[in-house]
**Student:** 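Have a look at this one.
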Amino acid sequence: MKYNQYAYVETDYKTEVKELLQIKFLPIDYEKRSFSNLLGELIANAVAVISPRDESARKAKLAEFAVSSVQPLNAFLDTNPEEIASNQFYNVALQLLGYHVGYDYQLNDPLAFMKKQALPYIEKINDKQSLIQAFYRLLNTRAKNGQLLIDVMAGQGYFYNRKTEFAQNKFLFFNGKSMPVFDTSKIIREVVYVESDLDTDGDGKSDLLQTTIFRPIESETLPVPALYTASPYFGGIIDNEKRNHNVDENLTDATEWTNPQYQASAIVKAKKPLDSESSYKPVEQAVGKSSYGLNEYMLARGFASVFAGAIGTRGSDGLRITGAPEETESAKEIIEWLHGDRVAYTDRTRQHETKATWCNKKIGMTGRSYLGTLQIAIATTGVPGLKTVISEAAISSWYDYYREHGLVIAPEDCQGEDLDMLAETCQSNLWDAGDYLRIKPKFDEMQKILLEKADRKTGQYSDFWEKRNYRHHTDNIKCSWISVHGLNDWNVKPKNVYKVWQKVKDLPIAHHLFLHQGPHYNMNNLVSIDFTDLMNLWLVHELLGIENNAYNQWPTVLIQDNLKADQWHKEKDWSNDIGSETVYFPNSDNELTKDTSSKQKLSFTDTGGTEFKKAKISENDWQYQFICGEEKWAKASLRFTTDEFIHPVTIVGRPEIRLSVASSLNKGQISVALVEIADRKRLTPTPKILMPGGQELGFHFQLDSLQEFMPDKLTHAKLITKAHMNLQNYADMKKPSSIKAGEFYDLQFKLQPTYYTMPAGSKLCLIIYSTDQGMTKRPLENTDYTIDLSKTAIKFSTK
């Protein structure tokens, strides 16, 4: 598999020498040394497990390497060579990168393996300049464990063994990235309490927000940036899975909708920070652990890691009000303290103010899912100090998470969850008995409000949901932007990132988008892309102001291929505009063709959740059997299939369907899915762990694992995209109308966005159905649906 590398910054020879000298890799007297001596010295320096002061041990270690199938490295050096052939150099280089002779590659042709893995190499190494250039590139080459060789060396003690040679309390950069020269054995772990302007629990006092900080000891004298992760899960979660709402119920008439309104919590203005520089030291030591790999990686490189759950979480006052402006406000207030604009205290007595004097007032945000969601929310406030967000698998509208086109729709694997249940999951301050006694009655009241106003009966849009749509405020965004999302994420569905991207891409800010093949997953340690190195480059530019070409280093949009995981498509955008429009029509022979529509009408009977409950299978098992066309499930649907594709075709952007539907009742729900049909080995649904704990994030520090999506067992079908709609929203997506049984209504709605390559030999299948066992409500009554094929078509863009 190719080890693609996008974060390497092309550098001239003069700069390469300067940087190699700065990291103490190149000897000061390199110009006076012979080629042979310099070669041996640089290889020995790359063997970081031995102290540079132990020359005999370093020299002995060279005997473990081979330059060819007949000559070990030490014997080669004894000949005092004045040049080294590329095959010889890269035999040694591959061994330094962690590859094993006879298992990973053969000594007689290392360059063939380099090409296969997409590892860079230099053709001729026949003088000291080309030797230095080769080593500079090698140190910036991804090793077998996915990390740069310089990072592998750091994990083995390279910088630790030379710590007396480096300036204290100073960042060290190499190829535009920050190096792990900060002492991870002396991390400061402290807790402060930020005072909010909110009083969500109604006790007449402003809510205090517990904030946990992990920062380098060097930050006592060297101001450092902060990576802030707004995590409602940081204080722990309350398991309420068994109490999710029942979805085995009939649909209701959506015209019962009453447009519930959002009601704001009380405001109690916090004190202003003292003008003086006086600041008390925090007295509470952090007992929680940093829970995000990218933060740990950057902590060893001088970036403080800050975690706060904000209102309602353990150690904080207040109530969780899922998705509401109060959540945004309370999470934003942590940044205001970091920037020096808000007061915080050493403990909950509110007696002693503490300031983030260690922070350089430049803040970036990280995190996935709810953690990424709050990044979007906070960015839309334009809060000073926030310089960039790296938002992964994030919600941009809570309606698009729990609802769709007038229906109650569950996130994958969360049937029956809703705003109130998620609030309960995150209301971790109930774990402390004193807080429980004080807050539980108000929490119970809030739960009733959330359940009532979320309106699980009709699933309609309302003012209550409007206040939870961050996309309406994107014009306020001032920070740079990185979005990361899985194209197979059916928890936070791709529409969330797609729709916010359509707004962000037109703002005068630096912006990038990464789309991987995973579900609800992060991507910082994949084989196929050097994402962590890219983020190092990005954060150094945004939070330390170092000019390192970060804005132009990689394409605006990078999209992982669904056939070959090591292929990343470079795009300028992600929308229908990057393809050309294609339209397919279903016919009465169950075909999907580019010919005009059939004049037939076809029907199916939806049995709701009746058969599903009898089958006693999981929702995921049902979905796979359903898309494969197993008769038991397929009879409650209409399926239309194309001929086999004679060449690969990529579907891009958001497909759109129009259809005319009649229901046997005065209500109904319609679902549609696009499916690839073919017997082949597809990529694993989640990345396969290739090297558990194989990545050292610093010297004797935290570990991460190398992983990647890999070809898996043979499967028969793959879901590409789908969507659902309430028939009663045929005239207006935001307002229901009455419908009559047996009458046809024209629907037009968009499916979830995608970027999916149909391989040659596969077929595209359009499925029209009603109950989606994993996402929609599962009615207890049968409903007949009739589709007028003359008014039915699916259109999408293709490349």
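None of these values were measured; they are calculated from a predicted model. This chain uses plain numbering: 1 for the first residue, then up along the sequence.
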**Student:** Looking only at heavy atoms, which two atoms of Ile627 and Ile677 are closest? And how far apart?
**Tutor:** O-CD1, 3.7 Å
**Student:** Taking 4.0 angstrom as the limit, do Asp463 and Lys467 come out as a salt bridge?
**Tutor:** yes
**Student:** Compare every heavy atom of Leu764 with every heavy atom of Leu592, then report the nearest pair and how far apart it is.
**Tutor:** CD2-O, 4.2 Å
**Student:** In the structure I gave you, are the side-chain heavy atoms of Pro411 and Trp490 within less than 4.5 Å of one another anywhere?
**Tutor:** no
**Student:** Could I get the full list of side-chain contact (heavy atoms from CB on, under 4.5 Å) partners for Thr641, not counting sequence neighbours?
**Tutor:** Lys763, Cys765
**Student:** What verdict does the side-chain hydrogen bond (donor to acceptor under 3.5 Å, both in side chains) test give for Ser391 and Ser483, after you've listed the backbone C-alpha separation in whole Å, the side-chain angles of each residue and the deciding distance to 0.1 Å?
**Tutor:** CA-CA 5 Å; Ser391 176; Ser483 279; 5.1 Å; no
**Student:** Just wondering, do Asp561 and Thr757 contact through their side chains at under 4.5 Å, heavy atoms?
**Tutor:** yes
**Student:** Are Lys572 and Asp577 within salt-bridge range, i.e. N to O under 4.0 Å?
**Tutor:** no
**Student:** As a quick check of understanding, evaluate side-chain hydrogen bond (donor to acceptor under 3.5 Å, both in side chains) for Tyr262 and Glu466, giving each step before the final call.
**Tutor:** CA-CA 9 Å; Tyr262 159 75; Glu466 174 77 4; over 6 Å; no
**Student:** Compare all side-chain heavy atoms of Leu751 with those of Ile657 and state whether any distance is below 4.5 angstrom.
**Tutor:** yes
**Student:** Thr605 and Asp784: side-chain hydrogen bond (donor to acceptor under 3.5 Å, both in side chains), yes or no, with the steps?
**Tutor:** CA-CA 4 Å; Thr605 299; Asp784 296 326; 2.7 Å; yes
**Student:** Drop me the distance from Ile395's CD1 to Asp400's CG, to the nearest 0.5 angstrom.
**Tutor:** 9.5 Å
**Student:** Is any side-chain heavy atom of Ser637 closer than 4.5 Å to one of Ile768?
**Tutor:** no
**Student:** Nearest 0.5 Å, what's the CD-CG distance between Glu417 and Leu419?
**Tutor:** 9.0 Å
**Student:** Would the distance check show the side chain of Thr593 and the main-chain N or O of Asp595 forming a donor-acceptor pair, the cut-off being under 3.5 Å?
**Tutor:** yes
**Student:** Taking side-chain contact (heavy atoms from CB on, under 4.5 Å) as the test, write out the residues that go with Lys613, two or more places apart.
**Tutor:** Asp248
**Student:** Report the residues that fulfil ring-ring contact (aromatic ring centres under 6.0 Å, His included) with His511, sequence neighbours left out, ordered by chain and then residue number.
**Tutor:** Trp501
**Student:** How many angstroms lie between atom OG1 of Thr686 and atom CG of Asp712, to the nearest 0.5 angstrom?
**Tutor:** 9.0 Å
**Student:** Would you call Glu676-Arg680 a salt bridge at under 4.0 Å N-O?
**Tutor:** yes
**Student:** Output all residues satisfying ring-ring contact (aromatic ring centres under 6.0 Å, His included) with Tyr769, sequence neighbours left out; order by chain, then residue number.
**Tutor:** Phe626
**Student:** Do side-chain atoms of Gln600 reach the backbone of Ser790 as a donor and acceptor pair under 3.5 angstrom?
**Tutor:** no
**Student:** Using a strict threshold of under 4.0 Å (side-chain N to carboxylate O), is an ion pair present between Arg243 and Glu424?
**Tutor:** yes
**Student:** Which residue pairs pass the salt bridge (charged side-chain N to carboxylate O under 4.0 Å, His left out) test when at least one of the two sits in residues 715-728, sequence neighbours left out?
**Tutor:** Lys722-Asp772
**Student:** Taking only residues two or more places apart in sequence, or in another chain, which ones meet Tyr233 in a ring-ring contact (aromatic ring centres under 6.0 Å, His included)?
**Tutor:** Tyr370
**Student:** Does His569 have any ring-ring contact (aromatic ring centres under 6.0 Å, His included) partners at least two apart in sequence or in another chain, and if so, which?
**Tutor:** Tyr755
**Student:** Using a 4.5 Å cut-off on heavy atoms from C-beta on, say whether the side chain of Thr754 contacts that of Val652.
**Tutor:** no
**Student:** Measure across Ser671 and His724 and return the closest heavy-atom pair with its distance rounded to 0.1 Å.
**Tutor:** OG-CD2, 2.9 Å
**Student:** When rounded to the nearest 0.5 angstrom, what is the spacing between OH in Tyr521 and CG in Asn491?
**Tutor:** 14.0 Å
**Student:** Who passes side-chain contact (heavy atoms from CB on, under 4.5 Å) against Pro494, sequence neighbours left out?
**Tutor:** Trp574, Gln752, Pro753
**Student:** For residues 651-667, pull every pair meeting side-chain hydrogen bond (donor to acceptor under 3.5 Å, both in side chains), keeping only residues two or more places apart or in separate chains.
**Tutor:** Glu656-Gln748, Ser660-Asp746, Lys667-Glu781
**Student:** Would you find a donor on one side and an acceptor on the other, under 3.5 Å apart, between the side chain of Asn259 and the backbone of Ser462?
**Tutor:** no
**Student:** Verify, without hydrogens or angle tests, whether Gln560 (side chain) and Gln517 (backbone) share a donor-acceptor contact under 3.5 angstrom.
**Tutor:** yes
**Student:** So, does Arg468 use its side chain to make a donor-acceptor pair with the main chain of Thr322 at under 3.5 Å?
**Tutor:** yes
**Student:** Determine whether Leu450 and Phe464 make a side-chain contact, defined as any pair of heavy atoms from C-beta on separated by less than 4.5 Å.
**Tutor:** yes
**Student:** Tell me whether His512 contacts the main-chain N or O of Pro555 through its side chain, where contact means a donor paired with an acceptor under 3.5 Å.
**Tutor:** yes
**Student:** Lys614: what forms a salt bridge (charged side-chain N to carboxylate O under 4.0 Å, His left out) with it, not counting sequence neighbours?
**Tutor:** Glu611
**Student:** Between the main-chain N or O of Ser528 and the side-chain N or O of Gln567, is there a donor-acceptor pair closer than 3.5 Å?
**Tutor:** no
**Student:** Heavy-atom distance under 4.5 Å between the side chains of Val492 and Tyr401, does that happen here?
**Tutor:** yes
**Student:** Show the nearest heavy-atom pair for residues Asn576 and Gly653, with the distance to one decimal.
**Tutor:** OD1-CA, 3.2 Å
**Student:** Parallel, tilted or perpendicular, judged at 30° and 60°: which one describes the rings of Tyr584 and Phe796?
**Tutor:** parallel
**Student:** Please answer whether the main-chain N or O of Asn496 pairs with a side-chain N or O of Ser396 as donor and acceptor at a distance below 3.5 Å.
**Tutor:** yes
**Student:** Using a 4.5 Å cut-off on heavy atoms from C-beta on, say whether the side chain of Tyr461 contacts that of Trp257.
**Tutor:** no
**Student:** Not counting sequence neighbours, which residues clear side-chain contact (heavy atoms from CB on, under 4.5 Å) with Ala254? List them please.
**Tutor:** Thr458, Gln460, Asn726, Gln728, Pro736
**Student:** State which residues pass side-chain hydrogen bond (donor to acceptor under 3.5 Å, both in side chains) with Ser797; sequence neighbours excluded, sorted by chain then number.
**Tutor:** none
**Student:** Counting N and O atoms only, with roles assigned by atom type, does the side chain of Arg368 sit under 3.5 Å from a partner on the main chain of Met523, one being a donor and the other an acceptor?
**Tutor:** no
**Student:** Check the pair Asn729, His405 against side-chain hydrogen bond (donor to acceptor under 3.5 Å, both in side chains), reporting the backbone distance first and the verdict last.
**Tutor:** CA-CA 7 Å; Asn729 288 94; His405 300 145; over 6 Å; no
**Student:** What's the spacing between Leu513 CG and Thr556 OG1 if we round to 0.5 Å?
**Tutor:** 9.5 Å
**Student:** Minimum heavy-atom separation for Ile559 to Leu487, with atom names?
**Tutor:** CG2-CD1, 3.8 Å
**Student:** Should Glu412 and Lys493 count as an ion pair when the cut-off is N to O under 4.0 Å?
**Tutor:** no
**Student:** May I ask you to check whether Thr771 and Arg778 show a side-chain donor-acceptor distance below 3.5 Å?
**Tutor:** no
**Student:** Could you tell me whether Asp573 and Lys505 make a salt bridge, using a distance below 4.0 angstrom between a side-chain N and a carboxylate O?
**Tutor:** yes
**Student:** Any sub-3.5 Å donor-acceptor pair from Glu327's side-chain atoms to Gly323's backbone N or O?
**Tutor:** yes
**Student:** What are the two closest non-hydrogen atoms of Ser588 and Leu602, and how far apart are they?
**Tutor:** CA-CD1, 4.2 Å
